[in-house]
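Comments concern the structure below.
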Number of protein chains: 2
Amino acid sequence: MSDVAAAEPLGILRVATPRAWAEYAAREWRLLLVDHANCEKKAASTALAFMFAYPEDRALCMTLARLAREELRHYEQVQKLMTRLDVPLQRMGPGRYAGALRARLATGEPARKRDLLLAGALIEARSCERFEALALLLPGPVAAFYAGLAESERRHAGLYLELARTDLTGDSDAAAFAHRLAELAAVEAQLILSPDPQFRFHSGVPLAMQAV
Amino acid sequence: MSDVAAAEPLGILRVATPRAWAEYAAREWRLLLVDHANCEKKAASTALAFMFAYPEDRALCMTLARLAREELRHYEQVQKLMTRLDVPLQRMGPGRYAGALRARLATGEPARKRDLLLAGALIEARSCERFEALALLLPGPVAAFYAGLAESERRHAGLYLELARTDLTGDSDAAAFAHRLAELAAVEAQLILSPDPQFRFHSGVPLAMQAV
């Protein structure tokens with residue numbers, strides 16, 4: 001990991017959110033909130049999945065239990081905002097983003113644990129970057145809420161990166177780690193820059209007006 | 001649901017924890033703590049599973065998001081206590097209890113949702129009852145911790161019962177509900193009273209000294 005990434009977790013992202021996505025999201029902010037609530041729920045579920053997969057790693061379990069609690073609180077906050085702004089509930093299936101990233105992760109240990117943590121860092125960093133990109137474009141109450149969330153997601157990205165670096169020993173390990181992070185960041189960037197038929201919090205460049 | 005159960009969720013349990021289990025648990029309190037941490041994690045996971053299964057039910061989702069946060073905090077508290085008391089981490093597979101109860105639940109909706117909520121109420125009520133049964137038998141720090149947890153679990157049992165009763169309309173509905181609760185409580189009682197080769201937080205009467 002570069003020093004830049006250590007100081008600022010957003011440094012791990014290769015590309016900025018395309019303007020076309022941000023403008024679409026600003027227009028479809030009600031749909032965005034629905035998918036955002038789903039994302040917070042999934043983020044809590046991902047943290048819990050780590051706790052089931054690596055119960056012997058107490059430090060990791062404690063960090064991710066707290067992180068899961070924070071994601072759940074965000075979920076509750078999004079739901080309250082939706083109620084306040086009269087945003088109707090609707091089912092939205094998952095987009096391609098997390099699944100496509102996950103499909104590229106190593107399947108054998110210890111590489112899988114490192115990859116899962118790096119994917120967690122990338123997703124949290126992207127969330128932070130999008131909250132910041134949206135803060136200026138959204139209606140007042142949503143903008144203020146998102147500015148606050150951006151800070152949490154930045155911290156979460158840092159936590160995942162720190163956990164991923166825990167077991168590194170020596171220079172060759174660090175080099176392999178940086179190489180792997182760059183590989184996964186490239187996959188992530190491709191998902192953000194390529195046309196995407198579905199609109200979601202983590203989707204690519206909007207293809208059409210068809211949002212659901 | 002009887003008025004007794006409304007006033008005191010523990011009223012839904014058919015039998016008290018056998019003395020043999022409590023004595024075994026007091027002797028094997030280190031193992032108990034390991035499985036207890038797993039139970040808190042699973043309780044959070046169960047609450048989250050409801051949120052994924054019934055996203056349109058906002059009241060249920062909000063209640064269970066908060067409940068999941070509380071279970072995660074308990075998980076963190078058990079882990080801290082284990083560290084303080086020098087209890088080693090070890091992998092323990094799940095016991096028969098939750099799986100056997102779950103196997104008896106309806107598979108089609110809306111009966112499944114009701115059954116899942118009733119199973120949640122029974123498990124939380126049993127947890128409360130066991131924390132109370134253990135509070136007098138365990139070493140000081142664990143006893144004090146368990147006395148506090150008993151109150152949370154009692155409240156959780158009440159919340160699950162309340163959610164299960166949300167959609168009831170009319171007397172015949174209420175009668176069918178009471179009948180179903182009695183059926184599942186009988187299954188639960190059988191799991192508590194019958195010999196069990198494994199020792200767990202929710203296991204039956206200990207068969208042997210073989211604990212793991």
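When reading the values below, keep in mind they use all heavy atoms of this one structure, side chains included, and skip hydrogens, waters and symmetry mates. Throughout, a chain's letter reflects where its sequence line sits, starting with A, and its residues are numbered from 1.
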* Asked: Among A:Met82, A:Arg73, A:Lys80, which has the most heavy-atom pairs under 4.5 Å with chain B?
  -> A:Arg73

* Structure fact -> With chain B, the option among A:Arg58, A:Met51, A:Glu56 that has the most non-hydrogen atom pairs under 4.5 Å is A:Arg58

* Going by heavy atoms in the side chains, are A:Lys41 and B:Cys61 under 4.5 Å from each other? -> no

* Does any pair with a residue in residues 42-51 of chain A pass side chain to side chain donor-acceptor pair (under 3.5 Å), and if so which ones, sequence neighbours excluded? -> none

Within a radius of less than 6.0 Å around [atom1] of [X], do more than 12 heavy atoms belonging to other residues, nucleotides or ligands occur?
{"X": "B:Gln77", "atom1": "CD", "value": "yes"}
{"X": "A:Arg155", "atom1": "CZ", "value": "yes"}
{"X": "B:Arg112", "atom1": "CZ", "value": "yes"}

* Structure fact -> What one should report as the nearest heavy-atom pair of B:Ala44 and A:Leu48 is C-CD2, 4.0 Å

* To do: Locate the shortest heavy-atom distance separating A:Arg91 from B:Pro55; write the atom from each residue and the value.
  => NH2-CD, 3.5 Å

* Asked: Got a second to check how far A:Thr83's OG1 is from B:Met62's CE, nearest 0.5 Å?
  -> 6.5 Å

